[in-house]
Structure formats: C-alpha cells, structure tokens
Amino acid sequence: MTDAAPKVWLKEARARLARVKLGAHAEEVGRVEEVGDGVALVSGLRHVRLDELLRFEKGQFGFAQMLDDDRVGCVLLDDVDGVEAGDSVRGTGDVVRVPTGKGLLGRVVDPLGRPLDGKGPIASDSSQPIERPAPAIIDRDLVSEPVQTGLVAIDALFALGRGQRELIIGDRAIGKTTIAIDTIINQKASDIVSVYVAVGQKSSSVRRAIDAIRAGGALERCIIVVASAASSPGLQWIAPFAAMTIAEYFRDSGGHALVVLDDLTKHAATHREIALLTRQSPGREAYPGDVFYVHARLLERASKLSKEKGGGSLTALPIAETDAGNLSSYIPTNLISITDGQIVLDAKLFYQGQKPAVDVGTSVSRVGGKTMAHALRDAAQTLRLDYAQFLELEAFTRFGGMLDTRVLQQLTRGARIRAILDQTQHAPLRLANQVALVMAVQTGLLDALPLKAIPDFRKGLGEAIDRDAAGAVHMIEDKGTLDDAGKAALRTALDDYAKSLTSADAAKTLAP
C-alpha cells in the first residue's frame, strides 16, 4: 500500500461523515402486553398504520390488524413461541410484501415467498405488496377467450373465460380440488401460468396435489403457495392475497395467469379466529362484519385487462366447502354472489360413481358460451338441454309405465351423454377430443354402442381422429374453429371408428 492510499481513504471517510445529519432522532417503540394463539396485543405504537409490518424484539414479524386508542392487535407471521409479554415492538413503515417474477415458476413457497422445497433461495424480479387495488373498470376488457379445463363436463356445459371468477363448491372430499388440479395440468402446453394456494389444508393433501401436478408435467408452469393447517393464522390469512400478487405479475406483463384458492371456507374461518382474538365485534355465525368485503376485494383482482394495459388476464378458481350440500349458508352465499358463476358438485352423484360429480341443474357460468371455443360450441348446442331433459325423464320413469319410442330414444341418448361426461381424474382431454366426443353423442353415433363400450371408444378416439381427420384436428387445436369440410371429415372418421367398435363388440358376442 502506498503512502497516498491512507490519505485517499481518510478523505472519503471525512466526506461520508460530512453527509451524515446529526441531531436527535425519535423512534416509537411499543411493548407486547398479551400474546397467544398467533395474535399479540401491543401498546405504545400510536402512529402505526393499518396493515403495517411490525418487527418484534427477537426478529419475528407481524402486521397490524386492529387499531384501538391505546393498543394495536398484531397478527404474527412467525412462531408465536418466540414472542413474550414485555418484548419491544417497532414499526417498519412498510406493508407485507411477497417476491414476484419468473424465478418462482416450479417452486413451492410460503405466503412470504420463502422456499419450502429445499431448492435454494428464490430469484425474484421484485417485491410487491400483498394488498393491491383491483383494476379499474376502464382498464378492463370483455371476457371472451376460453380457459380449457380438459373436462368435458365443464368445457362443454359451463365454459370458463380468461379473467373470470368461477367458484367450485361442494361437500368435503367429492372432487373439488381434483377439478382445479386437472385444470392446472391442462395448462402445461398453454400460455397460462398457474398459481395454486393451499389455505389450512393438511400436509398430506398438499403433498398429493403437488405430486399430481408434477406427474401431469405442469409443475414447471406452476407456482405452489402453501399455508398448511400447521402454519400460523397470519400466514393462512395472507396466503390468498400473496398468491394474487404473484399471479398479477404475469397478468401485468401481458401474460395470462390462473389462481386456484383452496379453499376460502378455511380462509373465512381463519379470518373469524383472528377477528375474535383481536376482540372485534362478531356478527352472523360469529364472523366479523367485513368477511364479505375481504373476499370481495380479493376476487375483484381477477380480471381481463384491456389492450392498452397489455391485454393480460388473471382467472380465479376459488373453492368453497359446504355442509350437507347447503348452498344457502353464510360463506357459500357470499362467494356465490361475488363470483361469475359456480361449479356445484353433488355428493349423491359422486357416490354413484359420476366423476366429476357436476350438478348440471345448479351449476352455471355467467359468462356463458361467449368464451367457449367455436368448434365445441357448435358441437354442443343442445347438449345441456338434452341432458337436463334426460335427467327429468329418468326420474319420472322410475315410477314405471309404458314408454314410447321417442322417450326410449331420449333415455338412450341421455345415458350416453352422461357416459361421456364421466372422466378419469388427472387425465384432461385436449380440445379436439372433446369436440369429437360431443359430436359423436349429439349425432347419434354412440346410440348403437353399449354403455360398457363408451370407455373403449374414448380410449382410442384420439388415435382414430389423428389418423383419419388430421386436418380437422389441427384446425381445432390451432384456431378453435371447424369449417364445413372439417366437420364432414371428422364426422366420417367418427362414423368409421364407431362402426369398427360396433363390429368388434358384435364379434365378441357371437364368439363361442
């Protein structure tokens, strides 16, 4: 080191000292009065703001949920065992944030963006607040592009659109999460990024969901946010908001995102728990009065942006659980009124073996057929009406009586519609296969096939149309449309394929 080096260092040090503003500095320090069940009551922070991030003496964090004249109700985001009465608390002047960016793809994180998969730190582009305003009406566009779930019972009857909020609702363990996971798996080759958030779920259930997404090949296009039942109430509460912020990065970048919120019934229970612990006034079923507003401001962030704002979209699939099929209870009615439609699952259908157990009578998509692929819409014009009439006729014929030819034909057709709506879990169908299935049943090609042969028809359908109607398949997959020549080619291929199965079935029957 030369003699000039110490002089340069001393000059820089003096310059830094000259820039330091000396004088008195006031810092507001609070004290923990009570702590328990993931909530701390803090005094001495008179200037703290609602939702402000607070830092505790030993490094834990929480956010201000309730503001009183003399104390603050703080929801802890870390282990409550490390916080004790008398500990000091300081405001950070910031709100809860979560990392965003493409570096989260394929990762499993908690609601604060901390990795849970053991793959090292997250390479994020930025950090955004979990609470963000919903896009203004003027910044939105019409919901007109489809989100293909790969499930015939949904795509052909209750089409989903990019930017829509569609509720999946039903009793416990009858396939709500399976529908959402199948939708995520079906996006592995699309331009939609999926975000799955587990709120208050058992670790084993979360593991099954992750394994299903990985087995379906969609994990690299998905982000998993986990706030399990063992997590603190604070983490469970912020999880849906953090997932929305993560997904909004892709929407605001001109891309498309899908958020699965599994489930908001447990999130509402967490909100009730926190509200009661922070001594807020209870209302109906002990929920605080703002539970509707909490979910409304969350789901309103799902939208389709206008071209001036990039044209991106954020689609939300919230999940809610009912008790004994009661759709009129408090939280389900709230969510039904907020969303743009609901997929209702029926326990009776589930235990009869119909999967997905979609109740056609009570399910609805308020966006309607505007988002359905044109080829599928043309093929399924009267499918829902035909199926609804079949269900009524089937119930009526249980009383016995003589049936005429027309009624027997309707029963035959309806039974085959129900057969094509039945689908194996985690095996979504491409759009061309769905169009071919619906066209086959609507044109009567399956009427001659016995019901037990429908699974065989579905199994070999893709190979048959790829071989005999390749042009029509490419048109459906690329453009979502089908011209008259393509319809004729696909109809011919389906006719030949159905006849081959009918002949094979007849040969088996005649064989000794």
Side-chain angles (χ1 to χ4, degrees), residues 108 111 116 147-151 153-155 158 160 165-188 192 194-219 221-231 236 239-240 243-244 247 257-270 295 298-299 302 315-323 325 327 331-332 335-336 339 341-347 349-351 353-359 363 422-428:
V108 181
L116 300 176
V147 175
Q148 298 295 335
T149 67
L151 302 172
I154 295 177
D155 290 340
F158 314 101
L160 304 183
R165 300 157 298 179
E166 184 80 359
L167 178 67
I168 303 174
I169 187 168
D171 287 358
R172 179 180 177 275
I174 60 171
K176 301 184 299 296
T177 301
T178 299
I179 289 179
I181 296 301
D182 286 347
T183 304
I184 291 175
I185 293 174
N186 200 49
Q187 309 311 317
K188 63 180 179 182
I192 296 179
S194 303
V195 180
Y196 174 78
V197 53
V199 182
Q201 303 292 331
K202 295 185 295 184
S203 298
S204 58
S205 301
V206 177
R207 169 55 61 186
R208 284 196 299 270
I210 295 174
D211 290 344
I213 294 173
R214 181 182 288 112
L219 188 59
R221 297 280 301 166
C222 184
I223 302 168
I224 312 293
V225 181
V226 178
S228 66
S231 301
Q236 294 184 45
M244 279 290 186
L258 168 70
V259 174
V260 174
L261 305 168
D262 190 11
D263 65 43
L264 290 188
T265 308
K266 290 183 174 62
H267 182 260
T270 300
H295 287 158
L298 169 70
L299 294 174
T315 307
L317 289 181
I319 296 175
E321 183 176 309
T322 57
D323 185 13
L327 296 177
I331 299 304
L335 293 172
I336 288 173
T339 52
Q342 64 274 353
I343 304 298
V344 181
L345 302 187
D346 184 78
L349 292 176
F350 180 82
Y351 293 121
Q354 183 75 20
K355 300 174 185 177
V358 177
D359 188 337
S363 299
D422 191 19
Q423 194 166 334
T424 306
Q425 68 175 3
H426 307 327

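Keep in mind that what you see is a predicted model, and the values were worked out from it rather than measured. Excluded from the calculations below are hydrogen atoms, water molecules and symmetry mates; all remaining heavy atoms, backbone and side chain alike, are included.
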Which heavy atom of [X] sits nearest to which heavy atom of [Y], and what is that distance?
| X | Y | value |
| --- | --- | --- |
| Leu349 | Ala357 | CB-CB, 3.9 Å |
| His295 | Ala268 | CE1-CB, 3.8 Å |
| Ser231 | Gln236 | O-NE2, 3.1 Å |
| Phe350 | Ile174 | CD1-O, 3.4 Å |
| Ala180 | Ile319 | CB-CD1, 4.1 Å |
| Lys176 | Leu345 | N-CD1, 3.5 Å |

With sequence neighbours excluded, what pairs up with [X] under the side chain to side chain contact (heavy atoms under 4.5 Å, CB included) test?
| X | result |
| --- | --- |
| Ala320 | Leu167, Ile169, Thr265, Leu335 |
| Pro111 | Val225, Ala227, Leu235, Ile238, Ala239, Ala242 |
| Arg214 | Arg207, Ile210, Asp211, Leu219 |
| Ala198 | Tyr196, Gln201, Val206 |

Practice problem: Return yes if some donor-acceptor pair links the side-chain N/O of Ser228 with the main-chain N/O of Gly200 below 3.5 Å, else return no. | Solution: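 Such a contact is absent between Ser228 side chain and Gly200 backbone.
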Let me confirm one number: the [atom1]-[atom2] distance from [X] to [Y], rounded to the nearest 0.5 Å.
| X | Y | atom1 | atom2 | value |
| --- | --- | --- | --- | --- |
| Leu258 | Ile192 | CG | CD1 | 6.5 Å |
| Ser205 | Asp262 | OG | CG | 8.5 Å |
| Ile184 | Ile179 | CD1 | CD1 | 12.5 Å |
| Gln425 | Leu151 | CD | CG | 11.0 Å |
| Thr177 | Leu317 | OG1 | CG | 11.5 Å |
| Leu160 | Gln148 | CG | CD | 9.0 Å |

Side chain to side chain donor-acceptor pair (under 3.5 Å) involving [X] - partner list, sequence neighbours excluded:
| X | answer |
| --- | --- |
| Gln342 | none |
| Thr178 | none |
| Asp346 | none |
| Thr149 | Asp155 |

Side chains of [X] and [Y]: does their closest heavy-atom pair fall under 4.5 Å?
| X | Y | value |
| --- | --- | --- |
| Gln187 | Val147 | yes |
| Ser194 | Arg221 | no |
| Ile331 | Leu264 | no |

Self-check item: With Lys266 via salt bridge (charged side-chain N to carboxylate O under 4.0 Å, His left out) - residues at least two apart
Solution: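 For Lys266 the salt bridge (charged side-chain N to carboxylate O under 4.0 Å, His left out) partners, ignoring immediate neighbours, are Asp263, Glu321.
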Practice problem: Evaluate the criterion side-chain contact (heavy atoms from CB on, under 4.5 Å) for residue pair Leu261 and Leu298; output intermediate values, then yes/no. | Solution: CA-CA 10 Å; Leu261 305 168; Leu298 169 70; 4.1 Å; yes
